[in-house]
Amino acid sequence: MIEIAHVSKTYADTVVVRDVSLRIPRGGVTSIIGPNGAGKSTLLSLVSRLLPMTAGTVTVDGLDVTQTPSDILAKRLSILRQENRVTSRLTVRDLVEFGRYPYSKGRLTAEDRAHAARAIGFLGLEALADRYLDELSGGQRQRAYVAMVLCQDTDYALFDEPLNNLDMKHAVGMMKLLRRAADDLGKTVVLVLHDINFASCYSDTIIAMRDGAVLHHGTPQEIMTRDVIRDIYDMDVEIQDVRGYRISSYYI
Amino acid sequence: MKRLLLATFAILALALISLLIGASSVSLSSLLLFREEQGTAQVLLASRLPRTLALILAGSSLAVAGMIMQLLTQNRYVEPTTAGTAESASLGLLAVTLLAPDVPVIGKMLVAAAFALAGTALFLRILKLVPLRSPLIVPLVGIVLGGIIGAVANFFAYRFNLMQSLNAWTNGDFSSVLRGRYELLWVGFALMILAYLAADRLTLAGMGRDFTTNLGLKYRRIVAFGLVVVSMVTATIVVSVGMMYFLGLIVPNVVSLLVGDSTRRALPWVAMMGAGLVLVCDIVGRVVYYPYEIPIGTIMGIVGSALFLILLFKGRGRFA
Amino acid sequence: MRETRARPIRVLLILTAIAVGVIVLFMTLNARGRWDFILPFRGMKVVSMVLAAYAVAVSTVLFQTVGHNRILTPAIMGFDSLYILLQTSLVFSLGSARLTALDPRLLFGLEVVTMVLFAVLLYRWLFSGTSRSLHLLVLVGIVFGLLFRSLASFMQRIIDPNEFSILQDRLFANFNSVESDLLLVSFGMVAVASLAAWQLVPVYDVLALGRDAAINLGLDYGRAVTTVLVLVAVLVSVSTALVGPVTFFGLLVANLAYQVAGTHKHRFILPVAALLAVICLVGGQLILERVFAFDTALSIVIEFLGGILFLVLLIRGIAR
């Protein structure tokens with residue numbers, strides 16, 4: 001369980017995250033939604049110790065993220081940020097094998113290589129494994145990064161807008177894959193998403209943020225209502241039932 | 001206008017200090033030079049006055065040259081030592097010293113100016129190739145280009161035992177200024193007056209070719225005029241007293257902070273403060289390790305880079 | 001997988017062969033006189049060049065890994081000049097009498113420790129800024145370098161001539177009279193630094209992924225960066241003490257290494273860069289000294305080529 005207690009993040013004069021308290025249980029897919037500047041990505045960075053917090057505590061299975069040695073945490077929790085610009089010239093396999101660093105410290109065993117191969121297989125990247133990252137399309141590269149995170153084999157995997165720069169087909173493919181990671185591999189997947197319909201169709205829980213605070217927290221059924229969406233986005237949208245999923249048509 | 005008058009008095013006061021200071025060392029050297037007892041008046045005329053005049057002329061014209069470059073490139077970090085101009089002038093001077101050592105000093109200056117012009121033109125060509133993602137890349141290119149040209153000069157100077165001369169050209173020093181050896185600086189000063197008269201056109205040219213042409217002005221001619229002035233000023237300084245780092249960068253920037261960006265209004269201030277800064281640095285260099293002198297190039301190196309750093313850190317909101 | 005590993009190994013073998021060849025040539029070519037005199041004399045020279053080359057190459061590659069780009073190097077960021085400033089300040093504040101009384105090994109150690117302290121403080125502060133632009137960093141580094149050098153030359157002016165000559169001896173351990181003491185201490189420093197550095201080879205690969213990715217993989221990022229900066233400071237002290245400051249040498253070698261090696265794994269890049277540095281330095285010296293028969297102009301040639309490479313990197317927009 002990830003337990004977030006009274007967490008705040010302040011820069012000079014602006015509050016980005018404001019006294020957030022949350023519990024994200026083990027297992028399943030949790031999506032964080034909200035308008036631009038709501039503090040979603042910052043919250044994810046605080047949970048994953050990429051940023052120091054101004055106040056509050058975050059524990060992952062009882063381990064305080066600011067106190068626990070980084071390498072121990074790296075076996076429990078992984079994060080994929082939005083912007084991944086690697087300056088090194090690496091092959092897909094090189095990149096995925098970095099996911100084993102917390103275990104191998106750079107000296108790969110046969111078991112580590114097997115892990116990497118499984119992650120590559122899970123993402124369907126076998127044919128591209130020895131290609132260089134800069135030769136791949138955006139979607140393929142994104143899959144390679146996800147494979148690295150899965151190869152890290154942590155119970156908790158955090159993704160900051162994993163659908164960025166993906167077309168419809170690849171976006172759906174990515175969501176199905178993350179769903180499978182939760183269902184088949186038993187991971188706890190936490191996502192920041194922009195598209196509320198993806199959040200609705202693929203999550204077990206949705207957390208809605210606005211102005212640095214958590215506004216709503218519940219199942220897709222509870223969040224995907226006219227009143228709640230208006231509350232979050234200041235927008236009046238229609239919610240429809242499509243094959244048992246709640247879909248909002250906010251385009252017109 | 002009142003403030004400008006006040007500043008003029010301040011410069012005059014500094015000039016007076018500059019004339020009076022270092023009495024013993026100057027009279028010592030004048031003794032050696034004239035080999036007999038001489039009146040103070042003659043010392044004053046032969047060495048002290050020329051030095052003070054040289055300081056004022058060099059300081060003001062170099063600061064104005066920096067301002068012209070900043071107007072033309074629309075970049076606040078460009079000046080003769082951040083655009084390859086100064087190093088090119090030294091290279092030219094080295095070339096003429098090696099190939100035609102008997103050319104009179106005015107000819108040497110013209111060759112140096114031609115090299116400076118070519119070097120600056122090369123700098124502008126390279127800038128066209130560089131993706132300009134930030135204004136800071138411009139001085140970066142200029143400093144490195146200056147380094148490359150400086151390496152060429154070093155190579156030949158080393159080969160032909162002229163390192164000492166090259167050092168003198170690249171490191172400002174007014175201690176050997178005497179009557180008859182600084183007058184070239186008046187040329188730079190005259191060009192500075194010319195630049196003042198053309199100030200508005202230079203400002204317009206800085207706004208770009210389309211803008212200038214639209215107003216019925218000949219863009220290329222104005223830019224060429226500006227570059228010729230800058231190259232000549234740089235060459236006169238390199239030939240007679242040696243370069244001073246970042247002077248043409250700091251002074252216009254500080255002036256723009258104080259009196260704003262109108263060229264016509266700022267230009268007298270730039271000239272004034274350039275002269276003032278050089279006078280102060282020279283006085284410091286003469287008193288700090290009295291009776292020995294520290295060349296102004298070294299003092300300016302410290303003051304110039306320190307102020308440049310401050311401008312980089314503090315002024316980023318303004319300049320970047 | 002096999003293929004990607006075969007090439008770096010082949011490259012390493014070829015470079016090792018060339019490096020050995022160049023060293024053998026340097027030791028034996030144009031040897032007139034007694035071998036038992038020539039061999040130790042030239043041997044000292046080669047050892048000091050190899051040490052310096054190795055130190056420059058490794059420190060540059062590591063620094064670029066921490067800085068996440070191919071254009072920043074310790075020399076460009078003013079590390080060399082900082083070392084010279086520290087050494088001058090030491091002579092300045094202690095005086096030559098007390099200095100010569102000190103054990104040179106102890107002294108060198110003292111210098112390196114001070115250097116590490118200053119470098120880490122200064123550059124941690126520079127790198128800690130969350131969103132400083134790369135161009136700002138480079139420009140600040142260059143101007144810092146200039147400031148350090150001006151300060152050093154200021155102090156050198158004030159030191160009395162005797163102490164100055166001692167300083168000059170120490171600043172540029174010229175190849176013809178490398179003190180064996182200094183060489184021994186340098187060798188010890190490099191050996192210790194290397195032992196520490198090679199332990200961390202996998203860490204560099206992770207650092208190269210970027211800050212967030214490195215933290216995600218469980219790296220103590222702040223500690224890793226500090227460790228690398230300490231190593232860099234030690235290595236730069238050694239190389240500057242041995243061959244003096246050369247601004248663009250590291251840039252040249254590191255970029256060449258990435259081109260040649262065919263991989264970005266540090267366990268290949270580091271030795272490839274070191275071998276290339278040895279070939280360039282010993283080979284360049286060989287050509288200049290034995291073929292063209294002039295002496296220390298090598299650093300000038302390197303400055304020229306490195307400056308051009310730097311401009312090319314800027315033009316191709318590699319420095320973001």
Side-chain angles (χ1 to χ4, degrees), chain B residues 77 81-82 123 126-159 171 245-246 249 284-285 288-289 292-295 297-313 316 319-320, chain C residues 71 76 78 81 126 129 132-161 246-248 251 288 292-320:
Chain B
Y77 300 109
T81 57
T82 60
F123 166 70
I126 293 176
L127 276 191
K128 288 219 173 92
L129 297 175
V130 176
L132 288 178
R133 294 207 187 80
S134 110
L136 296 173
I137 204 169
V138 174
L140 203 55
V141 168
I143 291 176
V144 174
L145 178 68
I148 297 171
I149 296 169
V152 175
N154 263 317
F155 185 86
F156 288 106
Y158 198 87
R159 196 79 225 269
N171 197 18
Y245 269 86
F246 301 145
L249 190 152
V284 169
V288 74
Y289 190 49
Y292 301 101
E293 266 198 33
I294 299 185
T298 306
I299 307 275
M300 271 303 301
I302 298 171
V303 175
S305 26
L307 286 175
F308 190 4
L309 284 174
I310 292 173
L311 283 174
L312 278 175
F313 280 117
R316 239 178 342 133
F319 300 133
Chain C
I71 203 158
I76 289 173
S81 312
L126 269 180
R132 288 197 206 287
S133 91
L134 182 60
H135 295 132
L136 180 71
L137 270 185
V138 183
L139 201 58
V140 164
I142 289 180
V143 180
F144 257 125
L146 217 78
L147 177 66
F148 296 154
R149 256 170 292 154
S150 302
L151 281 170
S153 76
F154 177 74
M155 278 190 242
Q156 285 163 14
R157 289 273 173 177
I158 297 188
I159 300 172
D160 82 68
V246 194
T247 314
F248 290 120
L251 182 82
L288 283 180
F292 291 111
F294 28 95
D295 242 354
T296 353
L298 181 60
S299 64
I300 299 172
V301 176
I302 289 173
E303 227 50 3
F304 178 75
L305 295 176
I308 289 175
L309 172 72
F310 188 90
L311 280 187
V312 170
L313 289 177
L314 278 181
I315 289 170
R316 288 186 16 206
I318 285 179
R320 270 176 296 228

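A note on names: the letters A, B, ... follow the listed sequences, proteins ahead of strands, and every chain is numbered from 1. Just so you know, these numbers come straight off a predicted model, no measurement behind them.
A distance of 13.5 Å separates CG in C:Leu147 from OH in B:Tyr245, rounded to the nearest 0.5 Å. Note: C:Ile71 CD1 to B:Leu140 CG = 7.0 Å, rounded to the nearest 0.5 Å. Going from atom CD1 of B:Ile126 over to atom CG of C:Leu311 covers 5.0 Å, rounded to the nearest 0.5 Å. Rounded to the nearest 0.5 angstrom, B:Ile143 CD1 and C:Phe310 CZ are separated by 9.5 Å.
Contact detail for C:Ile300 and B:Tyr158: the closest heavy-atom pair is CD1-CB, 4.2 Å.
Using a 4.5 Å cut-off between heavy atoms, B:Ile302 touches chain C through backbone and side chain atoms alike. When heavy atoms are compared at a cutoff of 4.5 Å, C:Phe148 does not approach chain B at all. Contact annotation for B:Val288: only side-chain heavy atoms (C-beta onward) come within less than 4.5 Å of a heavy atom of chain C. With a 4.5 angstrom heavy-atom cutoff, C:Ile142 touches chain B only via side-chain atoms. Proximity to chain C (any heavy atom under 4.5 Å) is shown, for B:Leu127, by neither the backbone nor the side chain.
When each of B:Val141, B:Ile149, B:Ile299 is checked for heavy-atom pairs under 4.5 Å with chain C, B:Val141 comes out on top.
For the pair C:Leu146/B:Phe308, no side-chain contact is recorded, criterion being any heavy-atom separation below 4.5 Å from C-beta on.
Note on residues 139-150 of chain C: pairs passing side-chain hydrogen bond (donor to acceptor under 3.5 Å, both in side chains), not counting sequence neighbours, are C:Ser81-C:Arg149.
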